[in-house]
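This report refers to the structure that appears directly beneath it.
No experiment lies behind these values; they were computed from the predicted model shown. All values below were derived from every heavy atom in this structure, side-chain atoms included, with hydrogens, water molecules and symmetry-related copies excluded. So that the names make sense, note that chain A is the first sequence line, chain B the second, and so on, each numbered from 1.
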2 protein chains.
Amino acid sequence: MATISDVAARAGVSTATVSRALNGKSTVDPLLAARVQEAAAELGYHPNGLARNLRRQETAVLALIISDVENPFFTAIARGVEDLAQRSGYSVVLCNSDENEEKERRYIEVALQERVAGVVLSPTGRSTNVEGLRRQGTPLVAVDRPLPAAAGDQVLVDTRHAAAEATRHLLAGGYRRVGCLTGPAGVRTADDRLAGYADVVGEANVRFRRAEYRAEGARLAALELLDEPSPPDALLVANSTMAIGVLEALSSRGLRPGRDVGIVSFDDAPWTTLIDPPLTVVAQPAYEVGRVAAQLLLARISDSSREASTTTLEARLIERKSSRRTG
Amino acid sequence: MATISDVAARAGVSTATVSRALNGKSTVDPLLAARVQEAAAELGYHPNGLARNLRRQETAVLALIISDVENPFFTAIARGVEDLAQRSGYSVVLCNSDENEEKERRYIEVALQERVAGVVLSPTGRSTNVEGLRRQGTPLVAVDRPLPAAAGDQVLVDTRHAAAEATRHLLAGGYRRVGCLTGPAGVRTADDRLAGYADVVGEANVRFRRAEYRAEGARLAALELLDEPSPPDALLVANSTMAIGVLEALSSRGLRPGRDVGIVSFDDAPWTTLIDPPLTVVAQPAYEVGRVAAQLLLARISDSSREASTTTLEARLIERKSSRRTG
DNA sequence: TTGAAAGCGCTAACAT
DNA sequence: ATGTTAGCGCTTTCAA
């Protein structure tokens, strides 16, 4: 593996000159620079990033730790972060914590050890520990879910409000017994969506189930709800992965979305317009969340004294037929 | 940021002892080890991975460069790679090349510079350049699409064969003018699926369009095909993202999958059973592809002299109603 | 404009 | 069992 000394030897100059030439410093003779470039190319030289970063005490890579690679909401965030980061010369590495606190912990540790320039994190749950990041002074921005203490910037979506709006929409459509299917307790988005729903139906009329943010759990939970003495005639579902399970549950009971059970789900997944009837959704600005997060992170990297900020983006209800009786 | 010397000073030992204690070497007095642990904890010490890896000349991170984070096929591969890697103490960082050769090039460069232990790559297209990896001796395994020269192990899916089987299935279902919608020329999976289809219908009866592996392009291409003088009465679609576009096209023409136009699509995405009629698919063993790839990569990392191998996994046709006239 | 040399933080001989 | 020391590959003063 060719090192800078190999290149220096081949070009007949010092390692300092190679370094300067390869980093485009203006103070180097064009002729020498060319010789260096050539030597580097011939040797297939790739600077050792470890050594470079160790010396420079900085890296041009951001870590993005998300809680589920298979959830379109998070992959859209990833695109947003990436598009913006690339433009500023940063690479972003994606880590999948898989809604698993142990994995999340490991990836934060990796980010710390590899001395990444900054971290975008969608905290997995209750006990996310960002103390290490804070101590090291690694810039951090939380997305989707807030962090216990404001350990950095946050980019959130006003999902409680959106849940309330969706619930009102269902009520306005003539549904009388609106229920809610949400994620695990302690996961802020899950709690907020439930709260927004409860705000509207009133504590006395709450009927809900919790499940993991996964299809299978949601299917079972939906079935339970449907088997109650006074089953819901409409359902607010906390994300698109769960919606899959809910739709399966309905189908297995011979129930048609809209006509029999009104459905509104969070997240405008690509398939939601394909089904019959098309799914009414709460569209979250995921890509934008990612962009803003990256922006804040880069700003904080170049100026660590900035005040921590919280940005809250609005979600948008997209009415389709699954929330209409006449679907 | 605390360094190993800080810990050493605090614990009243040498840096060597700190290093040994923290790395669980057996040759260190339990009492001292405890003192070191304590000092490290108090200082919030995180070993500098850059320095460590520079010294050790190795990293415990794998890079996984995939061509589309929003494609369930690739995220399933990611899970497979991750599950296996984690088990051996490796972390995996995901890079999204976005079907873009420039991005892919950048990420390969990053992988090279950061001296990752190995790379799993789904080559984006024609001109993927893995020369750098080869020269550095960085272990590489290609997934989904083969590499020009056998630059390492490969894990592929026998998609030509699967495409042929799917086409035969359509023909057996009574469809007479089977068409094909595939990805860009030069992308091996796209070419193979087209070839498998052509193998069965015969060169003379080929009717097909190419588009990016995206919904919108596929929608337009499908519309073109449907507007031909002798339009297809069935379609083989090269992936689930394209299938979304195709289904939209059909719907906009008032055509029902199955009854009017038989449909088989590659990839068993989670929503394919939700639509009416449910989609007949060619299910690729994506998770397994990831697992095998990680296995091969780890094997090659520990024994670089291994022969390069090619593993070809079988895809499975799952018959549902979109390929039946009586849907 | 170029080179010599120090040093980033760590680990692994080598000594003790 | 512990400490001393060299050095991984690079960048960056400092001198020339």
Side-chain angles (χ1 to χ4, degrees), chain A residues 1-37 39-40 43-61 109-110 112-117 135-138, chain B residues 1-37 39-40 43-61 109-110 112-117 135-138:
Chain A
M1 231 186 270
T3 74
I4 199 172
S5 324
D6 300 331
V7 179
R10 179 153 196 136
V13 298
S14 73
T15 61
T17 299
V18 173
S19 174
R20 287 191 272 252
L22 260 26
N23 288 296
K25 295 269 188 289
S26 53
T27 65
V28 49
D29 187 305
L31 229 76
L32 273 196
R35 230 160 71 205
V36 168
Q37 294 287 1
L43 292 167
Y45 170 71
H46 293 271
N48 185 324
L50 297 168
R52 162 181 291 174
N53 297 332
L54 175 58
R55 176 60 228 241
R56 283 201 184 148
Q57 300 278 62
E58 67 179 38
T59 346
V61 358
E109 187 61 30
V110 171
L112 235 27
Q113 294 200 354
E114 303 300 321
R115 300 294 194 266
V116 299
R135 287 182 85 148
Q136 299 272 352
T138 304
Chain B
M1 230 185 272
T3 74
I4 199 171
S5 322
D6 299 331
V7 179
R10 179 151 196 137
V13 298
S14 73
T15 60
T17 300
V18 174
S19 174
R20 287 190 274 251
L22 261 25
N23 288 296
K25 295 270 189 288
S26 54
T27 64
V28 50
D29 186 305
L31 230 75
L32 274 196
R35 232 161 70 205
V36 168
Q37 295 287 0
L43 293 166
Y45 169 71
H46 292 270
N48 185 323
L50 297 169
R52 163 182 290 172
N53 297 332
L54 176 58
R55 177 59 231 240
R56 282 202 186 145
Q57 301 278 62
E58 66 180 39
T59 345
V61 358
E109 186 63 29
V110 170
L112 235 27
Q113 294 200 353
E114 303 301 321
R115 300 293 195 268
V116 299
R135 286 182 85 149
Q136 298 272 352
T138 304

> Looking only at atom types and distance, does a side-chain atom of B/Thr59 sit under 3.5 Å from a main-chain N or O of B/Val61, one as donor and one as acceptor?
Replying inline: no

[options]: which one has an atom nearest the side-chain heavy atoms of [X]?
| X | options | result |
| --- | --- | --- |
| B/Ala51 | D/dT2, C/dG9, C/dT11 | C/dG9 |
| A/Arg56 | C/dT2, C/dC10, D/dT11 | D/dT11 |
| B/Thr3 | C/dT1, C/dG9, D/dT5 | C/dG9 |
| B/Thr17 | C/dT11, D/dG3, D/dC10 | D/dG3 |
| B/Gln57 | C/dT2, D/dG9, C/dA5 | D/dG9 |
| B/Ala16 | C/dA12, C/dG9, D/dT2 | C/dA12 |
| A/Ser14 | C/dG3, C/dT11, D/dG3 | C/dG3 |
| A/Asp29 | C/dT1, D/dC10, C/dC10 | C/dT1 |

> Just checking B/Asn53: base, sugar-phosphate only, or nothing, at a heavy-atom cut-off of under 4.0 Å?
Replying inline: nothing

> What nucleic acid atoms does B/Leu32 come within less than 4.0 Å of, heavy atoms only: base, sugar-phosphate, or nothing?
Replying inline: sugar-phosphate

Looking at every heavy atom in both [X] and [Y], which two are closest together, and how far apart are they?
| X | Y | answer |
| --- | --- | --- |
| B/Ile4 | B/Thr15 | CD1-O, 3.6 Å |
| B/Val28 | B/Lys25 | CG1-O, 3.1 Å |
| A/Asn23 | A/Arg52 | OD1-NH2, 3.5 Å |
| B/Arg135 | A/Gly44 | NH2-N, 3.1 Å |
| A/Ala21 | A/Gln37 | O-NE2, 4.1 Å |

> So does B/Arg55 reach the base of D/dG9 with its side chain, donor to acceptor, closer than 3.5 Å?
Replying inline: no

>> Could you check whether the side chain of B/Arg20 and the base of D/dG3 have a donor-acceptor pair of N or O atoms closer than 3.5 Å, going by distance alone?
In response: yes

Round to the nearest Å and state the distance from [X] atom [atom1] to [N] atom [atom2].
| X | N | atom1 | atom2 | answer |
| --- | --- | --- | --- | --- |
| A/Gln136 | C/dG9 | CD | P | 11 Å |
| A/Leu50 | C/dG7 | CG | P | 22 Å |
| A/Asn23 | D/dC10 | CG | P | 11 Å |
| A/Leu22 | D/dT11 | CG | C1' | 12 Å |
| A/Leu54 | C/dT11 | CG | P | 12 Å |
| A/Asn48 | C/dC8 | CG | C1' | 13 Å |
| B/Arg35 | D/dG3 | CZ | P | 9 Å |
| B/Leu43 | C/dG9 | CG | C1' | 15 Å |

> In terms of the nearest nucleotide of DNA chain D, which residue is placed more toward the 5' end: A/Thr15 or B/Thr27?
Replying inline: B/Thr27

> Quick one: is C/dG9 close enough that its OP1 or OP2 comes under 4.0 Å of any side-chain N or O from B/Arg52?
Replying inline: no

